A.B. asks: 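Have a look at this one.
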Number of protein chains: 2
Amino acid sequence: MKVTAQEEYGLRCLLQLARHAEKGRPITVREVATSEGLSVAYAEKLLHQLSKAGLVESVRGVRGGFRLKGRPDEVSVGDAVRALGGFLTHSAICQRYTGDESQCVHNKNCGLRPVWTTVNYHIQKLLDNIPLTLLLQDERQARQAIVEMVSFPFTPETAGSVV
Amino acid sequence: MKVTAQEEYGLRCLLQLARHAEKGRPITVREVATSEGLSVAYAEKLLHQLSKAGLVESVRGVRGGFRLKGRPDEVSVGDAVRALGGFLTHSAICQRYTGDESQCVHNKNCGLRPVWTTVNYHIQKLLDNIPLTLLLQDERQARQAIVEMVSFPFTPETAGSVV
DNA sequence: TCAATACCTGACTATTTTGTCAAGTATTTA
DNA sequence: TAAATACTTGACAAAATAGTCAGGTATTGA
């Protein structure tokens with residue numbers, strides 16, 4: 001159960017664009033890479049990925065760079081995850097984990113499938129409701145905002161203990 | 001955002017043991033491997049992993065094999081995931097994704113951390129409440145049981161559309 | 001006690017995912 | 001229009017994950 005490098009780093013780069021959005025002019029790959037501690041080549045690849053997915057637009061030439069395509073409060077973490085690797089869909093799992101067979105032996109009747117379906121539903125629902133702007137504040141505030149948003153008994157203290 | 005092969009296949013093997021539990025005698029690796037469409041060597045590795053984690057016990061020698069250690073209704077999917085690769089903890093993410101630096105540049109103040117904390121909390125809470133027995137029924141019933149358990153508006157129809 | 005059954009272990013190979021590199025194209029500005 | 005800036009692309013290298021293999025040890029039962 002993990003977050004891929006693409007998702008983590010890609011999301012961080014996207015947050016840089018969101019943070020930079022108000023300034024109007026695009027931000028260069030070099031700037032993003034530097035402030036994220038990534039190589040320029042790698043940041044380039046990630047931004048390109050986000051660009052292909054339509055979350056980001058690129059401007060070539062001297063004053064060029066990358067720019068968030070929508071308003072930062074209209075782009076969600078869910079959008080980013082979808083663009084960067086996708087959610088835990090059961091169809092992806094079923095197609096991938098087929099053992100030695102060409103089709104999964106549980107294809108017709110699988111006790112596990114409802115589990116992943118449900119997990120996926122939860123995560124997707126949660127992340128689709130977190131706009132990038134929510135994460136531009138400092139960590140304490142971001143946590144606060146998310147906790148209030150999801151509205152279930154979940155305080156910073158329990159949060160810490162869960163992890 | 002993905003489920004690792006270890007988690008998926010390991011969980012499937014564990015379900016075989018749970019299914020077999022009432023018969024009393026252990027089930028051999030060969031039997032598990034065959035019914036899951038896995039190689040014997042691989043099933044062996046997975047079962048060994050579950051054994052090290054204490055979810056499963058092994059019996060050597062002629063009538064040997066593997067056996068679930070607890071009662072099938074007392075072992076949860078959450079237990080299995082923990083044994084097989086672990087949850088999406090933020091500490092794992094922070095330690096792993098450090099870019100070119102030795103420490104993540106966001107170590108002190110990270111807007112993303114509360115997101116993963118929350119996601120992790122949700123998933124863990126959900127999976128810890130799904131006992132293996134719930135998944136031994138046929139898929140329709142399993143889905144039904146999970147849906148009732150989590151008690152939120154989530155029908156088979158919407159489930160399909162989400163995936 | 002010896003042969004057959006089954007688990008145990010660690011090293012090895014294959015595959016996938018991550019990350020880099022180099023040569024290109026588009027745009028601006030002097 | 002030439003030089004500098006920046007994005008584009010596809011092939012490649014490195015690292016992590018997945019899966020295999022071979023030789024071992026423990027237990028049973030004839």
Side-chain angles (χ1 to χ4, degrees), chain A residues 1-13 17 20 25-34 36-53 55-69 84-86 92-93 95-101, chain B residues 1-13 17 20 25-34 36-53 55-69 84-86 92-93 95-101:
Chain A
M1 203 117 233
K2 56 196 286 200
V3 174
T4 65
Q6 281 218 4
E7 285 162 348
E8 175 71 23
Y9 290 137
L11 193 40
R12 292 186 198 174
C13 290
L17 300 211
H20 194 268
R25 71 170 177 81
I27 182 175
T28 66
V29 174
R30 177 170 305 280
E31 291 176 277
V32 172
T34 302
E36 287 300 329
L38 302 175
S39 74
V40 175
Y42 192 30
E44 207 158 357
K45 189 173 195 168
L46 295 168
L47 285 168
H48 186 66
Q49 185 113 186
L50 290 166
S51 166
K52 272 195 302 181
L55 284 187
V56 148
E57 65 189 358
S58 65
V59 181
R60 293 172 83 145
V62 165
R63 289 285 170 83
F66 285 87
R67 187 159 34 202
L68 198 64
K69 217 164 180 177
L84 289 163
I93 294 177
Q95 275 164 39
R96 171 164 188 161
Y97 297 134
T98 63
D100 291 343
E101 318 287 323
Chain B
M1 203 115 237
K2 56 197 286 202
V3 174
T4 65
Q6 281 218 1
E7 285 162 348
E8 175 71 23
Y9 289 136
L11 194 38
R12 291 186 199 174
C13 290
L17 299 212
H20 195 267
R25 69 169 180 79
I27 182 175
T28 66
V29 174
R30 179 170 302 281
E31 291 175 277
V32 172
T34 303
E36 285 300 331
L38 302 175
S39 75
V40 174
Y42 192 30
E44 207 158 353
K45 189 172 197 169
L46 295 168
L47 285 169
H48 186 66
Q49 185 113 186
L50 290 166
S51 166
K52 272 194 302 182
L55 284 188
V56 149
E57 65 188 358
S58 65
V59 179
R60 293 172 84 145
V62 165
R63 287 286 170 81
F66 283 87
R67 188 160 32 203
L68 199 64
K69 216 164 180 178
L84 289 163
I93 294 178
Q95 275 164 38
R96 172 165 188 158
Y97 297 133
T98 63
D100 291 342
E101 318 289 324

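Since we're looking at a predicted model, the values are computed, not measured. First the proteins, then the strands, lettered A, B, ... as listed; each starts at 1.
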A.B. asks: So if I take every side-chain heavy atom of B:Lys45 and compare against C:dA4, D:dG19, C:dC7, which nucleotide ends up nearest?
C.D. replies: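 It is D:dG19.
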A.B. asks: Does B:Ser58 place a side-chain N or O at less than 4.0 Å from the phosphate oxygens OP1/OP2 of C:dC8?
C.D. replies: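 It does, given that an N or O in the side chain of B:Ser58 lies less than 4.0 Å from OP1 or OP2 of C:dC8.
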A.B. asks: Check every atom of C:dA6, D:dA16, C:dG19 against the side chain of B:Arg96 and return the nucleotide holding the closest atom.
C.D. replies: D:dA16
A.B. asks: Between B:Lys69 and B:Glu57, is there a salt bridge with N-O shorter than 4.0 Å?
C.D. replies: no
A.B. asks: Does C:dT17 have its OP1 or OP2 closer than 4.0 Å to a side-chain nitrogen or oxygen of B:Lys2?
C.D. replies: yes
A.B. asks: Could you tell me the separation between the NZ atom of A:Lys52 and the C1' atom of D:dT9, rounded to a whole number of Å?
C.D. replies: 10 Å
A.B. asks: To the nearest angstrom, how far is A:Arg30 atom CZ from D:dA4 atom P?
C.D. replies: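 About 15 Å, once rounded to whole Å.
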A.B. asks: By nearest heavy atom, map B:Gly61 and A:Gln6 onto DNA chain C; which one lands nearer the 5' end?
C.D. replies: B:Gly61
A.B. asks: Using a cut-off of 4.0 Å on non-hydrogen atoms, how would the nucleic acid contact of A:Thr4 be classed: base, sugar-phosphate, or nothing?
C.D. replies: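 Contact class for A:Thr4: sugar-phosphate only.
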A.B. asks: Please report the distance, rounded to the nearest Å, between CD in B:Glu101 and P in C:dG19.
C.D. replies: 14 Å
A.B. asks: Determine: side-chain N/O of B:Ser39 to OP1/OP2 of D:dT20, distance under 4.0 Å, yes or no.
C.D. replies: yes
A.B. asks: Any base atoms under 4.0 Å from B:Tyr97, or only sugar-phosphate, or nothing? Heavy atoms, all strands.
C.D. replies: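 It contacts nothing in the nucleic acid.
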A.B. asks: Quick one: A:Ile93 CD1 to D:dA18 C1', roughly how many Å, whole number?
C.D. replies: 16 Å
A.B. asks: Rounded to the nearest Å, what distance is computed from the CD atom of residue B:Glu8 to the P atom of nucleotide D:dT17?
C.D. replies: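 After rounding, the reported distance stands at 18 Å.
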A.B. asks: Quick one: pull up CZ in B:Phe66 and CG in B:Leu47 and give me the separation to the nearest 0.5 Å.
C.D. replies: 5.0 Å
A.B. asks: To the nearest Å, give me how far apart OH (B:Tyr42) and C1' (C:dC8) are.
C.D. replies: 18 Å
A.B. asks: Looking only at side-chain N and O atoms, does A:His48 come under 4.0 Å of OP1 or OP2 in D:dC7?
C.D. replies: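 Looking at the OP1 and OP2 atoms of D:dC7, neither is under 4.0 Å from any side-chain N or O of A:His48.
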A.B. asks: So which atom in B:Ala33 and which in B:Ser39 form the shortest heavy-atom distance, rounded to 0.1 Å?
C.D. replies: CB-O, 3.8 Å
A.B. asks: Any side-chain to backbone donor/acceptor pair from B:Tyr97 onto A:Ala5? Under 3.5 Å, distance only.
C.D. replies: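 Flag set: sc B:Tyr97 to bb A:Ala5 pair under 3.5 Å.
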A.B. asks: Answer yes or no: is there a donor N or O on one side and an acceptor on the other, between the side chain of B:Glu7 and the main chain of A:Met1, under 3.5 Å?
C.D. replies: yes
A.B. asks: Quick check: on DNA chain C, is the nucleotide nearest A:Val3 upstream (toward 5') of the one nearest A:Arg60, or the reverse? Name the residue that is more 5'.
C.D. replies: A:Val3
A.B. asks: Expressed as a whole number of angstroms, how long is the span from B:Leu46:CG to D:dG19:P?
C.D. replies: 8 Å
A.B. asks: Starting at CD of B:Gln49 and ending at C1' of C:dC8, how long is that distance when rounded to a whole Å?
C.D. replies: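 Roughly 14 Å, once rounded to whole Å.
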